[in-house]
Trainee: 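The structure under discussion is supplied below as structure tokens; questions concerning it will follow.
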Amino acid sequence: VDMVKSKVCKMEGFQTCSVELTDVNKELGKITVTTADGQPVDEAKLQAALSSAGDYKLQKPTKKKN
């Protein structure tokens, strides 16, 4: 969690960022971000940040509508 948080949460454009482990056995986690000014998240940059933290990948990104 700390490695992913250090890579993803330091990305520009996020007002808030949290990372949590949701299933230890399946090694699944959840990243929740809020962007500044309602800008969309660049999923390619997010995936690049995850990859730089280790063998991680996005699965089913969801977007909350305002």
Side-chain angles (χ1 to χ4, degrees):
V1 170
D2 291 334
M3 181 67 100
V4 171
K5 194 174 199 174
S6 71
K7 298 290 184 176
V8 172
C9 292
K10 75 174 188 178
M11 292 175 60
E12 289 185 27
F14 295 152
Q15 281 183 323
T16 63
C17 178
S18 66
V19 178
E20 63 183 277
L21 189 60
T22 58
D23 189 326
V24 176
N25 295 325
K26 292 182 181 178
E27 298 181 348
L28 296 174
K30 178 180 177 181
I31 300 170
T32 305
V33 296
T34 303
T35 57
D37 301 323
Q39 295 296 316
V41 173
D42 185 332
E43 291 180 25
K45 286 183 180 179
L46 184 57
Q47 180 58 63
L50 279 174
S51 295
S52 72
D55 188 24
Y56 302 104
K57 61 183 174 183
L58 288 176
Q59 292 183 343
K60 301 180 190 174
T62 58
K63 299 172 185 172
K64 182 179 178 183
K65 295 183 180 183
N66 295 335

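The figures that follow rest on heavy atoms only: side chains count, while hydrogens, waters and symmetry mates do not. Small disclaimer: the values here were computed from a predicted structure and weren't measured.
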Trainee: Which pair of heavy atoms, one from Ser6 and one from Met3, lies closest together, and at what distance?
Mentor: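 It is OG-O, 2.7 Å.
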Trainee: Over all heavy atoms of both residues, which pair between Ala53 and Lys7 is shortest? Give the atoms and the distance, please.
Mentor: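 Taking every non-hydrogen atom into account, CB-CG, 3.6 Å.
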Trainee: Strictly distance-based, threshold 3.5 Å: is any side-chain N or O of Gln15 a donor or acceptor partner for the main-chain N or O of Val33?
Mentor: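 Between the backbone of Val33 and the side chain of Gln15 there is no qualifying donor-acceptor contact (under 3.5 Å).
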Trainee: Tyr56 and Val1: same hydrophobic cluster, using ILVMFWY side-chain contacts below 4.5 Å?
Mentor: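 Same hydrophobic cluster.
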Trainee: Check residues 18-30 and write down every donor-acceptor pair under 3.5 Å in which the side-chain atom is one partner and the other belongs to a residue at least two apart or another chain.
Mentor:
| unit_1 | atom_1 | unit_2 | atom_2 | d |
| --- | --- | --- | --- | --- |
| Thr22 | OG1 | Leu28 | O | 3.1 |
| Asp23 | OD1 | Asn25 | N | 3.1 |
| Asp23 | OD1 | Lys26 | N | 3.0 |

Trainee: If you apply the rule side-chain contact (heavy atoms from CB on, under 4.5 Å), what do you find for Gln47 with Ser51, and how did you get there?
Mentor: CA-CA 6 Å; Gln47 180 58 63; Ser51 295; 3.1 Å; yes
Trainee: Quick check: do Phe14 and Thr35 have side-chain heavy atoms less than 4.5 Å from each other?
Mentor: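 Phe14 reaches Thr35 side chain to side chain.
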Trainee: From Lys45 NZ over to Glu12 CD, what is the distance, rounded to the nearest 0.5 angstrom?
Mentor: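 These two atoms lie 8.0 Å from each other.
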Trainee: Could you give the distance from CD (Glu43) to CG (Leu50), rounded to the nearest 0.5 Å?
Mentor: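 Between atom CD of Glu43 and atom CG of Leu50 there are 11.0 Å.
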